[in-house]
Amino acid sequence: MSISSQEELVKQWESEQASLRQQVVDEDTEDWQRSPEFPGLERVGGVDLSFIKGDDVNACAQLVVLSYPDLELLYEDSRMVTLTAPYIAGFLAFRETPCLLEALQHLEKTQPNLLPQVVLVDGNGLFHYREFGLACHLGVLSGLPCVGVAKNLLQVQGVTKSEEHQSQIASLQRGGDSFPLTAASGRVLGKALRSSDSSTKPVYVSVGHKISLDTALHLTHSCCRYRVPEPIRQADMRSREYLRVHFPTTAD
DNA sequence: GCGACAG
DNA sequence: ATCTTGTCGC
């Protein structure tokens, strides 16, 4: 792809993000979100993509639905997809949303009773350059509540891996502890969460759609058996397993 | 030229 | 995302 055509693509994507961003709902909209016990919440989804080494076009898109609060597998869908859009930081959604949306729509059409009530997404939501990351994108297009959970800090809007940030991480004492990720504007775009007692490195939680930040944080923590919340962890493991079985590494 | 760059 | 097994420690 030529430099100029990529510049044009980015311009088009920026305008699309600005437009869709207005549809994000950063508040609780569901009945189950009203109480900290999440009464009525029975199904939590997780999505992820895995790639074959050296191939950035063919990938395995994974959707899992786990029971809540037991976090047991209710449904899983692994599908090979062909990605057309390139990966450009800040525009991950244009690469991953289409196939994830298809997986959700397929489930809604075939087994609507298993459709998740909220989806945990591997990546950011409002914690994003233009406050419209993958979790917001998938949320708006699917209409489902979504939460962004990133494993690495995106340095954006003045939030950096500074010594101050490092010391805030060090101050997280136990699972559930968190601190806000505040933009230069003063707006809180997300929170760093120590997801379990036994993990030092936090995960970065932000609103995707139809959920408040505090509810997103509490839900994420409630889904953690290990550092990465179980829905995303299961999606990740199962998509890798799918590739291992169907595209075994050629032994030399 | 150097650093940053969700997945 | 992926390259990569064992190993040290709680």
Can you check the L120(A) CG to dG7(B) P distance for me, whole Å? 14 Å
Taken to the nearest whole Å, CG/N58(A) to P/dA1(C) is 18 Å
Touch check for D56(A), heavy atoms < 4.0 angstrom, all strands: base, sugar-phosphate only, or nothing? nothing
Rounding to a whole Å, what distance do you find between K53(A):NZ and dT4(C):C1'? 11 Å
Is it the case that R238(A) and Q62(A) place a side-chain donor and acceptor less than 3.5 Å from each other? no
Taking only side-chain nitrogens and oxygens of Y87(A), does any of them come within less than 4.0 Å of OP1 or OP2 of dA6(B)? yes
Output yes if the stacking criterion (under 5.5 Å between centres, under 30° between planes) is met for Y204(A) over the base of dA6(B), else no. no
Q155(A) atom CD, neighbour heavy-atom count above 12 within 6.0 Å: yes
Check this for me: Q166(A), atom CD, are more than 12 non-hydrogen atoms of other residues, nucleotides or ligands nearer than 6.0 Å? yes
Nearest whole Å is fine: how far is dA6(B) P from E131(A) CD? 18 Å
Answer with base, sugar-phosphate or nothing: what part of the nucleic acid does N152(A) contact at a heavy-atom distance below 4.0 Å? sugar-phosphate
Kindly point out which of dC3(C), dA6(B), dA1(C) is positioned nearest to the side chain of F51(A)? dA1(C)
For the residue pair L193(A) and P202(A), establish whether any side-chain heavy-atom pair is separated by less than 4.5 Å. no
Verify whether one side chain among K161(A) and N152(A) offers a donor that lies under 3.5 Å from an acceptor in the other. no
Looking only at atom C1', what distance separates dC5(B) and dT2(C), rounded to whole Å? 16 Å
Salt-bridge present (E30(A), K210(A); N to O < 4.0 Å): no
If you look at every strand shown and take non-hydrogen atoms under 4.0 Å, does G148(A) touch a base, only sugar-phosphate, or nothing? nothing
Tell me: CD1 of I88(A) to C1' of dG7(B), nearest whole Å? 13 Å
Counting side-chain heavy atoms from C-beta on, which of dA6(B), dA1(C), dA4(B) comes nearest to K151(A)? dA1(C)
Any idea which of dC5(B), dA6(B), dT2(C) is nearest the K161(A) side chain? dC5(B)
Any side-chain N or O of R95(A) under 4.0 Å from OP1/OP2 of dA6(B)? no
Over how many whole Å does the gap from Q155(A) atom CD to dC5(B) atom C1' extend? 9 Å
Once you apply a heavy-atom cut-off of 4.0 Å, does F94(A) come out as touching a base, just sugar-phosphate, or nothing? nothing
Distance check needed: dA1(C) C1' versus L100(A) CG, whole Å only. 14 Å
Between E241(A) (CD) and dT2(C) (P), how many Å, whole number? 14 Å
Quote, to the nearest angstrom, the C1' distance that separates dT5(C) from dC2(B). 34 Å
For dG3(B) and dT4(C), measure between their P atoms and round to the nearest Å. 26 Å
